Amino acid sequence: MSRRPLVAGNWKLHGDKVMVRGLTDAILDALTPEGVTEVAVLPPYPYLGQVQALLADSEVGDRLRLGAQNVSVHGEGAFTGEVSAAMLKEFGCEYVLVGHSERRALFAETDQLVADKFVAAQRFGLQPILCLGETLEQREDAITEAVIGRQLEAVVAQAGVAAFENAVVAYEPVWAIGTGQTASPEQAQAVHAFIRRTIADMDAKIGDCLRILYGGSVKPDNAVELFNQEDIDGGLIGGAALKASDFISICQAL
Ligand code: PGA
């Protein structure tokens with residue numbers, strides 16, 4: 001079993017051209033050709049072309065992957081405001097988030113829509129990063145596994161377990177996102193093991209190779225103990241991804 005560690009920086013709705021340039025350059029400066037950890041940044045749509053150009057100009061540009069935070073289920077047509085997977089691909093994206101809890105909660109994305117986005121991303125060769133997570137109330141009601149299981153099953157039903165060969169899963173407890181409250185390494189490990197087991201029960205090899213990232217208030221000072229857990233293969237970083245030195249230390253923690 002070899003799972004290549006991945007750290008992805010989710011910039012959310014932050015940035016301008018100056019910040020995008022500074023942050024991208026700082027990350028590129030810190031990357032070494034022999035580094036084993038895969039590093040990705042997920043800027044807002046309008047900055048994808050700018051980051052793509054910065055990567056093309058850099059000697060280590062191929063060490064930094066590009067991704068988007070959202071994708072349309074549609075390929076083309078009269079869908080004002082939407083961005084297709086093919087467009088993301090043309091701007092150099094390899095990854096795209098689907099089912100981030102902010103999309104589920106604030107933009108009413110259902111399990112079915114998330115599954116459709118997962119399929120649309122893969123149709124154009126993007127690797128979806130499927131985000132799963134329970135709310136605080138659900139954790140207190142001890143239904144974490146039921147919630148995560150349901151979110152995962154919706155995608156498996158639509159895409160098939162084989163699709164997880166070209167996908168990443170991110171466990172992001174909703175109560176830990178942007179709150180400064182992190183899941184303990186043991187809490188995170190338990191859910192990661194559950195996710196891996198669920199997939200492995202359908203296909204042992206795919207379950208074994210599946211990269212499962214942890215997200216939710218990952219910071220330089222808690223990254224090491226989280227990443228030390230057996231089933232945590234990297235991180236999906238929000239707030240700390242906006243500060244180059246924090247993001248770089250988190251990558252180095254892997
Ligand atoms: P956070 O965000 O690191 O700021 O908690 C993580 C995410 O939402 O992907």
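In each ligand, atom 1 is the first atom listed, and ligand 1 is the first ligand listed. The structure displayed is predicted, hence computed values, not measured ones.
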Is it the case that the side chains of W175 and E134 hold a donor-acceptor pair, with the cut-off being a distance below 3.5 Å and no angle test?
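Yes - a donor-acceptor pair under 3.5 Å links their side chains.
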
Residue pairs involving residues 77-128 (criterion ring pair (Phe, Tyr, Trp, His ring centres under 6.0 Å); sequence neighbours excluded)
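Checked against ring pair (Phe, Tyr, Trp, His ring centres under 6.0 Å) - neighbours excluded - the pairs reaching residues 77-128 are H74-F79, F118-F164.
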
Could you list each nitrogen or oxygen of ligand 1 that sits under 3.5 Å from a protein nitrogen or oxygen, with the atom names and the distance?
from, atom 1, to, atom 2, distance (Å)
ligand 1, 2 (O), K12, NZ, 3.4
ligand 1, 3 (O), S217, N, 3.4
ligand 1, 3 (O), G238, N, 2.9
ligand 1, 4 (O), G239, N, 2.8
ligand 1, 5 (O), G178, N, 2.7
ligand 1, 5 (O), S217, N, 2.7
ligand 1, 8 (O), K12, NZ, 2.7
ligand 1, 8 (O), H100, NE2, 2.7
ligand 1, 9 (O), N10, ND2, 3.4
ligand 1, 9 (O), H100, NE2, 3.3
ligand 1, 9 (O), E172, OE1, 3.3
ligand 1, 9 (O), E172, OE2, 2.8

Per-pair distances, 0.1 Å, donor-acceptor, side chain in residues 151-159, under 3.5 Å, sequence neighbours excluded:
from, atom 1, to, atom 2, distance (Å)
Q151, OE1, G133, N, 2.9
Q151, NE2, G133, O, 3.2
Q158, OE1, Q112, NE2, 3.3
Q158, NE2, D116, OD1, 2.8

Can you see which heavy atom on A176 is nearest to which on S217, and at what distance?
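Minimum heavy-atom contact is O-OG, 2.7 Å.
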
Mind listing the closest non-hydrogen atom pair of S72 and A120 along with its distance?
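Minimum heavy-atom separation between S72 and A120: O-CB, 3.7 Å.
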
Distance-only donor-acceptor pairs under 3.5 Å for side chains of residues 190-202, two or more places apart:
from, atom 1, to, atom 2, distance (Å)
H192, ND1, D231, O, 3.0
R196, NE, D231, OD1, 2.5
R196, NH1, G207, O, 2.9
R196, NH1, L210, O, 2.7
R196, NH2, D231, O, 3.4
R196, NH2, D233, OD2, 2.9
T198, OG1, F194, O, 2.7

